[in-house]
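Computation of the quantities below employed the complete heavy-atom set of this structure, encompassing side-chain atoms and omitting hydrogens, waters and symmetry-equivalent molecules. Just so you know, these numbers come straight off a predicted model, no measurement behind them. By convention in this document, chain letters (A, B, ...) are assigned in the order of the sequence lines, proteins followed by strands, and residues within each chain are numbered from 1.
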Amino acid sequence: MSLPEATNFIEQIINEELESGKFESRGNELQVRFPPEPNGYLHIGHVKALCINNAAKEKYGAKLNLRMDDTNPAKEDYEYVNSIVEAVEWLGIKYDKLVFASDYYDKLYEIAEKYIIEGNAYVCDLSAEEITATRGTLTTPGVESPYRNRSVEENLKLFREMKAGVYPDGAKVLRAKIDMASPNINMRDPVIYRIAHVPHYRQGDKWCIYPMYDFAHPLEDAIEGVTHSLCSLEFENHRPLYDWVIQKAGFPAPVPRQIEFARLNITNTLMSKRYLKKLVDEGFVRGWDDPRMPTIMGLRNRGVPPKALKKFVSDVGVAKNYSVVDIAQLDECIRDELNAEAERAMAVLDPVKLTITNYEGEEELDFEINPTDGSGATRKIKFSGSVYIDREDFALVPPPKYKRLTKGANVRLKAAYIVRCDDVKLDENGRVEEIFCTYFPETRSGSEVKSDVKAKGVIHWVDAKYGRDVEFRQYRPLLKDEQYPDQDYAERLNADSERVFDGKCEPYVADGENDKPYQLMRTGYYKKCTDGAKTVLSEIVTLKSNFNK
RNA sequence: UGGGGUGUCGCCAAGCGGUAAGGCACGGGAUUUUGAUUCCCGCAUUCGUAGGUUCAAAUCCUGCCACCCCAGCCA
């Protein structure tokens, strides 16, 4: 067979295994899984794991299950499973099956009894505190539990009673019988089942004992037929236990293999469900899908295309180095995708009226929908000689190198004419109220006629007669405070993370199709731009309805 | 101080004994009806460090240093 070229260390491992014939017994069919716990919404960090697994599907034809790792009923809920499914589908990742760890509870219980019968597990009556105290430390071995050598019969009886609800929470646990002196603390007789009289969102009151991650996860993998269990670095220490659990359960080879990679970190970006949940619970944002959130649904609502996220993850690569990717790299991917795909539209956030004194009547102009896609496609826009421009695009006293409109100077109204500012009307506070210009008919956009009239800059505009009033919201993602990284993030949110503008836009933009991101054509909307010395990053302006749907 | 990992440009990251890919960021220039895009050009004599093996080392060996993870009845 011909193997795909490996682009990272995981694929290298897979190629080597394939070459060695490790999976011949299963027809070289591989299987992976994406196993979030449904206790929160997926964030951009999860996109990495998702894409790595998806790559195995695309490159090796591996099966990819979306598995809800729901073994802790206290934290999980349907709201989260729904949001996870929605996010995965929005990303355009096709999984083979949606499965639930909770569907394996019976099987898991069976295996636990097998452990007991074979002397690999015992019921322990020590309290949580006592277990901690007898676990030893990093440098000293633990002490064996006095209940470690109960008979199989007694263990079985006790475990069945645990299951039957005879004991209260915390009274007893089932522990794997491994090695209290292991230098790897995870191997010091880890708890594999605990009592929790908590109803499960899917199983209801059927169970009052629940399996722990270290027991459940490897078995879920083995039961499903997963060949490669990809997870993050912090589980490296668990791998010996992962292997032990599967081996003692007696699954035949080839058995699943856990491979760890570095999770995604982004500068200034909150990447912990715990903090994100706090922001939601304490009302700092409108919800998990608020456009300022680094969740997949938040990014979607901010107008970030799924392809941008995938490109980002692919650009960043997969390795085992602990790393923090500069958020500028994400910004670049978003810009890149928007530049390639987004339709261009004009809008004005802070409108100022501009009247062309020598223009009469009205006309339709051609506006290029996307100058970068090579299609040359245009749409018509109406022009009546009276428009709104952005307050920022006019300066009474222009800063150095200013390229936009100022008194006595020329500027091009995008897709229309070059105009010259003759006069300005100020209100009683000295604020610009209206701008009066003359236009140069021979400078009509696309005109064959050569004109001597030049303009340094191009600004956008919205026709005063045909434009629509619209509410814009501008977002910056919620950023961690660099100065106080350990402070309570929620207390230090960027107060400027959401700004609302009563602006104007072309009727085209507000015609009900605004669920797609437009690249609004103006400095700083969403693009990399240098405005004097100021670079605006990570901002996007969307119509209000963009995130309310 | 036990164990498990990782150290290649400001940030990611290739490299797997034959003489340092690429992306982001940054700097310079050209085109441009988005100060965008595009386009050139520049950006590690050096791979945590000290030795060793070799004709040849980021790649092999040894010592040292730094950082991360592990003592939940969370995942």
Side-chain angles (χ1 to χ4, degrees), chain A residues 7-8 12 35-37 39 69-72 74-75 124 126-129 131-142 169-175 182-188 190-196 209-210 212-214 216-217 231-240 260 262 264-265 267 273 311-312 314-333 335-336 338-340 344 346 368 371-372 401-404 412-418 443 445-446 455-460 519-532:
Chain A
T7 58
N8 62 50
Q12 232 169 66
E37 181 188 10
N39 66 347
D69 210 3
D70 52 359
T71 54
N72 183 1
K75 292 183 175 179
C124 180
L126 257 25
S127 69
E129 297 70 41
I131 288 180
T132 300
T134 54
R135 185 146 31 218
T137 69
L138 296 179
T139 50
T140 60
D169 291 4
K172 286 179 167 43
V173 292
L174 185 70
R175 290 229 253 171
S182 172
N184 182 339
I185 293 178
N186 293 306
M187 300 297 271
R188 319 237 264 228
V191 172
I192 60 179
Y193 261 95
R194 80 286 211 176
I195 299 170
I209 57 171
Y210 293 92
M212 301 290 291
Y213 169 87
D214 278 317
H217 202 92
C231 64
S232 50
L233 249 27
E234 66 261 36
F235 292 105
E236 277 177 324
N237 295 326
H238 296 246
R239 198 188 326 133
E260 310 85 7
L264 178 65
N265 293 292
T267 54
K273 275 187 194 167
K311 178 179 190 291
F312 172 64
S314 136
D315 283 3
V316 161
V318 184
K320 296 190 75 164
N321 297 346
Y322 173 85
S323 62
V324 183
V325 180
D326 195 326
I327 195 168
Q329 191 142 358
L330 205 214
D331 290 333
E332 206 284 330
C333 291
R335 266 187 257 122
D336 189 58
L338 251 18
N339 183 52
R344 308 303 142 100
M346 295 200 285
E368 199 169 7
T372 68
K401 295 184 181 172
Y402 192 69
K403 293 174 68 171
R404 288 165 276 165
R412 175 175 285 280
L413 296 178
K414 168 80 181 170
Y417 299 92
I418 292 179
T443 61
S445 184
K456 274 187 294 186
V458 180
I459 64 174
H460 73 152
Q519 187 188 29
L520 300 179
M521 302 187 52
R522 213 198 59 87
T523 303
Y525 274 24
Y526 194 89
K527 58 190 178 186
K528 177 190 184 186
C529 70
T530 306
D531 189 2

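For the OP1/OP2 pair of B/rG15 and a distance below 4.0 Å, the side-chain nitrogens and oxygens of A/Q12 include at least one atom meeting the criterion. Regarding contacts with the backbone of B/rC12, every side-chain N or O of A/N321 stays at 4.0 angstrom or more from both OP1 and OP2.
Taking atom P in both B/rC47 and B/rC40, the straight-line distance is 31 Å, to the nearest Å. For the C1' atoms, the distance linking B/rU8 with B/rU19 amounts to 16 Å, nearest Å. When the C1' atom is used for both B/rU37 and B/rA58, the distance is 37 Å, rounded to whole Å. Rounded to whole Å, the C1' atom of B/rA57 lies 15 Å from the corresponding atom of B/rU62. Remark: the separation of the C1' atoms in B/rU1 and B/rA71 is 15 Å, to the nearest Å. Taking the P atom of each, B/rA30 and B/rC68 are spaced 47 Å apart, rounded to whole Å. The gap from the C1' atom of B/rA75 to that of B/rC39 amounts to 49 Å, rounded to the nearest Å. The gap from the C1' atom of B/rC65 to that of B/rU49 amounts to 7 Å, rounded to the nearest Å.
Between A/K320 atom NZ and B/rA14 atom P the separation is 13 Å, expressed in whole Å. Here the C1' atom of nucleotide B/rC11 and the CG atom of A/L330 are 13 Å apart, to the nearest Å. Rounded to an integer number of Å, the gap from CZ of A/R335 to C1' of B/rU38 is 15 Å. Between the CG atom of A/D336 and the P atom of B/rA25 there is a distance of 10 Å, rounded to whole Å. Following rounding to the nearest Å, A/R239 (CZ) and B/rG3 (C1') show an atom-to-atom distance of 13 Å.
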Give me, pair by pair, the N or O atoms of the protein and of nucleotides 31-33 of chain B that are less than 3.5 Å apart, along with how far apart they are.
from: B/rU33; atom 1: O2'; to: A/K414; atom 2: NZ; distance (Å): 2.7
from: B/rU33; atom 1: O2; to: A/A415; atom 2: N; distance (Å): 3.0
from: B/rU33; atom 1: N3; to: A/R412; atom 2: NH1; distance (Å): 3.2
from: B/rU33; atom 1: N3; to: A/S445; atom 2: OG; distance (Å): 2.6
from: B/rU33; atom 1: O4; to: A/R412; atom 2: NH1; distance (Å): 2.9
from: B/rU33; atom 1: O4; to: A/S445; atom 2: N; distance (Å): 3.1
from: B/rU33; atom 1: O4; to: A/S445; atom 2: OG; distance (Å): 2.9
from: B/rU33; atom 1: O4; to: A/G446; atom 2: N; distance (Å): 3.0

Close N or O pairs between protein and nucleotides 21-23 of chain B (under 3.5 Å):
from: B/rG23; atom 1: N2; to: A/Q329; atom 2: OE1; distance (Å): 2.8

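For the pair A/T137 (side chain) and A/T139 (backbone), a donor-acceptor distance under 3.5 Å is present.
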**Study point:** Trace of the side-chain contact (heavy atoms from CB on, under 4.5 Å) decision for A/N72 with A/E37
**Key:** CA-CA 9 Å; A/N72 183 1; A/E37 181 188 10; 3.7 Å; yes
Practice item. Check step by step if side-chain contact (heavy atoms from CB on, under 4.5 Å) holds for A/R412 and A/Y417. Key: CA-CA 6 Å; A/R412 175 175 285 280; A/Y417 299 92; 5.5 Å; no
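Rounding to the nearest 0.5 angstrom, the gap separating the CD atom in A/E368 from the NZ atom in A/K414 is 6.5 Å. Residue A/M212 holds its CE atom at 10.0 Å from CD1 of A/I192, rounded to the nearest 0.5 Å. Atom OG of A/S445 sits about 10.5 Å away from atom CG of A/L413, to the nearest 0.5 Å. With rounding to the nearest 0.5 angstrom, the CG atom of A/N321 is 9.0 Å from the CG atom of A/L233. Distance CZ/A/F312 to CD1/A/I327: 8.0 Å, rounded to 0.5 Å.
The pair A/D315-A/K311 counts as a salt bridge, with a side-chain nitrogen and a carboxylate oxygen less than 4.0 angstrom apart.
Shown here are the side-chain hydrogen bond (donor to acceptor under 3.5 Å, both in side chains) partners of A/D69, two or more places apart in sequence or in another chain: A/H217. Annotation: salt bridge (charged side-chain N to carboxylate O under 4.0 Å, His left out) contacts of A/E236 (sequence neighbours excluded): A/K320. Residues passing the side-chain hydrogen bond (donor to acceptor under 3.5 Å, both in side chains) test with A/N237: none are found, sequence neighbours excluded.
Syn is the glycosidic conformation of B/rG72, whose angle stays within 90° of 0.
Across all strands shown, B/rG5 is found opposite B/rC67 as a Watson-Crick or G-U wobble partner, with both distances under 3.5 Å. B/rA13 makes up no base pair with any nucleotide shown, lacking Watson-Crick or G-U wobble contacts both under 3.5 Å.
Side-chain contact between A/R175 and A/P190 is absent, with no heavy-atom pair separated by less than 4.5 Å.
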Point to revise | Under 4.0 Å protein heavy-atom contacts per nucleotide of nucleotides 68-75 of chain B, with B for base, S for backbone only and - for none | key: -BBBSBSB
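If you check every strand for non-hydrogen atoms under 4.0 Å, A/K456 touches nothing.
Between A/E236 and A/S323, the one whose closest nucleotide on RNA chain B sits nearer the 5' end is A/E236.
Put simply, the side chain of A/R404 and the base of B/rG35 share a donor and an acceptor less than 3.5 Å apart.
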